[in-house]
Amino acid sequence: MTLLSVREVSKRFGGLQAVDNVSFDVATGSIKALIGPNGAGKTTLFNMISGFTGSDRGEILFGGEAVQGLPSWQIASRGMVRTFQHIRLFPKMTVLENIMVGRHVHSRAGFIAGMLHLPFTWKEERGIRAKSLEIMDLLGIADSAGTEATSLAYGQQRVVELARALACEPRLLLLDEPAAGLNMRETNEMGGLIARIRDMGVTVLLVEHDMSLVMKISDEIVVLSYGQKIAEDRPLAIQKNPEVIRVYLGDDQ
């Protein structure tokens with residue numbers, strides 16, 4: 001079953017055709033990777049899918065419904081949640097508080113109800129806290145609940161960001177270079193976490209430059225070059241694809 005469909009999507013910035021007529025599907029319960037050299041259009045495509053950038057043409061369907069043109073918060077509320085290449089944690093908040101922020105997307109209490117401390121807001125807040133702690137335990141960071149998030153090691157901050165995204169209860173999780181800045185051990189651990197998230201029933205679409213990670217955890221891979229899709233297949237076939245080899249290694253290889 002298809003969860004995300006990208007249909008003939010294009011985006012131009014002035015004289016630069018950043019994304020050119022790209023189409024692909026993401027199956028429910030799978031991990032799909034977008035790869036390509038720098039400037040291939042991966043982040044622009046990610047931004048269009050998640051509502052941070054509008055497309056010039058084409059169609060994006062999530063769960064069978066068109067989402068192109070919707071603001072990012074509406075897309076997130078429908079179950080498509082993303083992380084960013086650069087960590088965006090709240091620096092003066094604890095790990096638990098950062099994760100609870102993600103959970104509040106499902107909160108029914110408004111500003112006035114919270115300000116008045118109405119009884120149902122306390123019950124809802126306890127539920128948000130309990131669910132956030134459950135996610136932290138799942139990802140192995142429960143011991144850091146009261147620690148200021150930005151005081152953690154870089155690799156742990158990446159895990160906190162992942163936990164915050166999971167707190168939104170996504171059906172589709174978009175990960176923008178989740179292994180950026182991680183050492184080999186941390187990258188392997190991140191790969192294990194992403195695979196575990198997929199096994200929990202969350203579909204994953206990621207942009208990543210670490211090819212060992214991509215080949216290890218992906219079910220399918222889409223390759224972009226100069227804004228165009230040049231290949232889409234399973235990891236082993238991508239590794240042997242002559243056009244992909246040419247793009248990554250150059251014409252002289």
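Computed from a predicted model, the values in this text were never measured in an experiment.
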Between [Y] and [X], is there a salt bridge with N-O shorter than 4.0 Å?
X	Y	result
Arg12	Asp56	no
Arg7	Asp25	yes
Asp176	Lys42	no
Arg129	Glu134	no

Taking [X] for the side chain and [Y] for the main chain, is one N or O donor matched with an acceptor at less than 3.5 Å?
X	Y	value
Thr44	Gly41	no
Ser72	Phe52	no
Asn47	Thr53	no
Arg196	Leu138	yes
Ser23	Glu8	yes
Ser151	Glu148	yes
Thr150	Pro91	yes
Glu208	Ala179	yes
Glu161	Arg88	yes
Glu97	Thr94	yes

Rounded to the nearest 0.5 Å, what's the gap from [atom1] on [X] to [atom2] on [Y]? Could you check?
X	Y	atom1	atom2	value
Glu177	Thr43	CD	OG1	6.5 Å
Ser225	Asp20	OG	CG	11.5 Å
Leu139	Ile197	CG	CD1	6.0 Å
Leu193	Leu162	CG	CG	6.5 Å
Ser218	Asp233	OG	CG	12.5 Å
Ser10	Leu45	OG	CG	10.0 Å

Checklist entry - Does the side chain to side chain contact (heavy atoms under 4.5 Å, CB included) test come out yes or no for Ile75 and Val67, once each step is laid out? => result CA-CA 7 Å; Ile75 293 176; Val67 295; 4.2 Å; yes
Do [X] and [Y] belong together in a cluster built from hydrophobic side chains that touch within less than 4.5 Å?
X	Y	answer
Ile141	Leu133	yes
Leu166	Leu4	no
Tyr154	Met190	yes
Met211	Val207	no
Leu173	Val160	yes

Next on the checklist: Assess the residue pair Asn241 and Ile245 against the criterion (side chain to side chain contact (heavy atoms under 4.5 Å, CB included)); give the C-alpha distance rounded to whole Å, side-chain angles, the decisive distance to 0.1 Å, and a yes or no.
Outcome noted: CA-CA 6 Å; Asn241 185 295; Ile245 295 171; 5.9 Å; no
Minimum heavy-atom distance between [X] and [Y], given as atom pair plus value:
X	Y	result
Gly102	Cys168	O-SG, 3.2 Å
Ala165	Thr83	CB-CG2, 4.0 Å
Ile221	Pro235	CD1-CA, 3.8 Å
Leu174	Ile49	CD2-CG2, 3.8 Å
Leu182	Gly155	CD2-CA, 3.6 Å
Ala145	Met136	CA-CE, 3.4 Å

Next on the checklist: Go through it in stages, so that I can follow the logic: the residues are Glu220 and Val26, the test is side chain to side chain contact (heavy atoms under 4.5 Å, CB included), and I'd like the CA-CA distance, side-chain angles, deciding distance and then a yes or no.
Outcome noted: CA-CA 9 Å; Glu220 288 190 323; Val26 180; over 6 Å; no
Quick check: do [X] and [Y] have side-chain heavy atoms less than 4.5 Å from each other?
X	Y	value
Thr2	Thr28	no
Arg171	Met80	no
Arg78	Leu70	yes
Lys32	Val204	no
Leu205	Leu34	yes
Leu213	Ile217	yes
Val223	Ile238	yes
Val159	Gln156	yes

Item to check | Worked verdict on Met184 versus Asn188 for side chain to side chain contact (heavy atoms under 4.5 Å, CB included) | outcome: CA-CA 6 Å; Met184 185 178 298; Asn188 288 334; 4.1 Å; yes
With a cut-off of 6.0 Å (strictly less than), are more than 12 heavy atoms of other residues, nucleotides or ligands near [atom1] of [X]?
X	atom1	result
Asp143	CG	no
Met1	CE	no
Phe24	CZ	yes

Checklist entry - Is it true that Phe84 and Phe46 have ring centroids separated by less than 6.0 Å? => result no
Item to check | Worked check of salt bridge (Lys or Arg N to Asp or Glu O under 4.0 Å) between Glu186 and Arg158 | outcome: CA-CA 10 Å; Glu186 292 169 335; Arg158 281 280 181 197; over 6 Å; no
